[in-house]
Amino acid sequence: MGNLTDKLRREHAAITEALQAVNELGIGTKEGTAVLLGAKHLLLNHLAREDRELYPVLRRAAAERPEIHRIVEHFAAEMEAVSAAALAFFAKYEHGGGGLEFGSDYGQLMARLSARMSREEHRLYLLFDRVERGLDPVPKP
């Protein structure tokens, strides 16, 4: 079945694919708006999984290590801003739209989500995997 971070990475890929499909289909089409709603559900389910399965483990580790606490709190605070931007995008376009404004909003959202997903995969998920394996989560250089 795979471990949690593998699942989360697959969810990142599915969210990205769905949003790319929205752009290809066009937000002004029935199909495009349907895929947009699907992408919204994928993102919300992904965030719920992180809140339910990832962050509790990291917060327990953070209770004993200030450096882990800083990393986890930074990611959690950043996610609030990214989530708010994504939800605003979904609300704005869930009934259609289009034109240059959609293109601009879409580009901004994709850049923000891509950057966040990359940071999660290269920092937060690696930290989680080390905690889960009982390794020093933040090895000293």
Side-chain angles (χ1 to χ4, degrees), residues 1-139 141:
M1 181 130 137
N3 68 25
L4 176 61
T5 56
D6 289 340
K7 289 178 191 173
L8 294 171
R9 284 181 180 92
R10 286 191 299 273
E11 290 173 2
H12 282 174
I15 293 163
T16 300
E17 284 178 28
L19 288 170
Q20 289 170 339
V22 170
N23 193 44
E24 290 167 12
L25 291 167
I27 193 61
T29 67
K30 184 184 278 191
E31 297 85 2
T33 55
V35 174
L36 180 72
L37 290 175
K40 177 182 177 182
H41 291 293
L42 288 172
L43 180 61
L44 292 175
N45 289 337
H46 174 78
L47 296 174
R49 182 187 304 274
E50 285 184 340
D51 287 346
R52 193 176 56 247
E53 299 177 40
L54 180 88
Y55 278 101
V57 171
L58 291 173
R59 285 201 166 96
R60 280 193 297 275
E64 300 174 14
R65 301 277 299 267
E67 66 274 24
I68 297 172
H69 178 77
R70 283 189 296 277
I71 294 166
V72 171
E73 292 309 312
H74 169 77
F75 271 92
E78 180 189 53
M79 193 66 239
E80 287 182 29
V82 173
S83 294
L87 292 175
F89 176 85
F90 291 127
K92 184 174 182 177
Y93 293 105
E94 67 186 359
H95 299 293
L100 294 176
E101 187 175 18
F102 172 77
S104 175
D105 291 347
Y106 174 83
Q108 289 175 29
L109 177 68
M110 289 302 289
R112 202 164 188 187
L113 284 177
S114 294
R116 169 60 189 216
M117 290 175 184
S118 178
R119 284 191 300 278
E120 281 183 351
E121 291 178 9
H122 293 99
R123 181 73 192 252
L124 197 64
Y125 295 176
L126 294 178
L127 178 65
F128 177 88
D129 287 340
R130 291 185 67 80
V131 167
E132 282 289 285
R133 291 183 183 119
L135 301 173
D136 186 355
V138 185

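Heavy atoms only: backbone and side chains are in, while hydrogens, waters and symmetry mates are out.
For the pair Y125 and E50, the tightest heavy-atom approach, listed with the atom from each and the gap, is OH-OE2, 2.7 Å. Closest non-hydrogen pair, L43 versus I15, comes out as CA-CD1, 3.8 Å. Closest approach of V35 to A18, counting heavy atoms only: CG1-O, 3.3 Å. When all heavy atoms of T33 and E94 are compared, the closest pair comes out as CB-O, 4.0 Å. Across all non-hydrogen atoms, the minimal contact from V131 to A61 is CG2-CB, 3.9 Å. Nearest heavy atom pair, residue A86 against residue L109, reads CA-CD1, 3.7 Å.
The CG atom of D129 lies 4.5 Å from the CZ atom of R133; values are rounded to the nearest 0.5 Å. Taken from CD in E120 to OG1 in T5, the straight-line distance is 11.5 Å, to the nearest 0.5 Å. If you take CZ on F128 and CG on L8, they are separated by 8.0 Å, rounding to the nearest 0.5 Å. For the atom pair CZ (R65) and CD1 (I71), the distance works out to 9.0 Å, reported to the nearest 0.5 Å. Atom CG of L58 is separated from atom CD1 of I68 by 8.0 Å, given to the nearest 0.5 angstrom. Taking CG of L124 as the reference point, atom CG of L54 lies at 5.0 Å (rounded to 0.5 Å).
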Set out, in order, the CA-CA distance, both residues' side-chain angles and the distance that settles side-chain hydrogen bond (donor to acceptor under 3.5 Å, both in side chains) for Q108 and S104, then state yes or no. CA-CA 6 Å; Q108 289 175 29; S104 175; 3.3 Å; yes
For a side chain to side chain contact (heavy atoms under 4.5 Å, CB included) check, start with the C-alpha distance between E101 and Y106, then their side-chain angles and the critical distance, and finish with the verdict. CA-CA 8 Å; E101 187 175 18; Y106 174 83; over 6 Å; no
V57 vs E53, side chain to side chain contact (heavy atoms under 4.5 Å, CB included): CA-CA, chis, key distance, verdict: CA-CA 7 Å; V57 171; E53 299 177 40; over 6 Å; no
With side chain to side chain contact (heavy atoms under 4.5 Å, CB included) as the test, would you mind laying out the steps for F102 and V22 before giving the verdict? CA-CA 11 Å; F102 172 77; V22 170; 4.1 Å; yes
For a side chain to side chain contact (heavy atoms under 4.5 Å, CB included) check, start with the C-alpha distance between L19 and M110, then their side-chain angles and the critical distance, and finish with the verdict. CA-CA 8 Å; L19 288 170; M110 289 302 289; 3.6 Å; yes
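When atom types are taken as modelled, the side chain of S83 and the backbone of E80 share no donor-acceptor pair closer than 3.5 angstrom. A side-chain donor-acceptor contact under 3.5 Å links R9 to the backbone of E121. Judged by distance alone, with hydrogens and angles left aside, the side-chain atoms of Y93 form no donor-acceptor pair with the main-chain N or O of A88 at under 3.5 Å. Of the possible polar contacts, none joining the R59 side chain to the H69 backbone as a donor-acceptor pair under 3.5 Å is found. Judged by distance alone, with hydrogens and angles left aside, the side-chain atoms of S118 form no donor-acceptor pair with the main-chain N or O of A115 at under 3.5 Å.
Classification of K7 and E11 as a salt-bridged pair fails, no side-chain N sitting under 4.0 Å from a carboxylate O.
Counting heavy atoms of neighbouring residues, nucleotides and ligands inside a 6.0 Å radius, atom CG of L100 does not exceed 12 of them. Within a 6.0 Å radius of CZ in R123, other residues, nucleotides and ligands contribute 12 heavy atoms or fewer.
Counting only heavy atoms from C-beta outward, the side chains of L113 and T16 never approach each other to under 4.5 Å.
Applying the ring pair (Phe, Tyr, Trp, His ring centres under 6.0 Å) test to every pair with at least one member in residues 13-61, sequence neighbours left out, gives these pairs: H12-H46.
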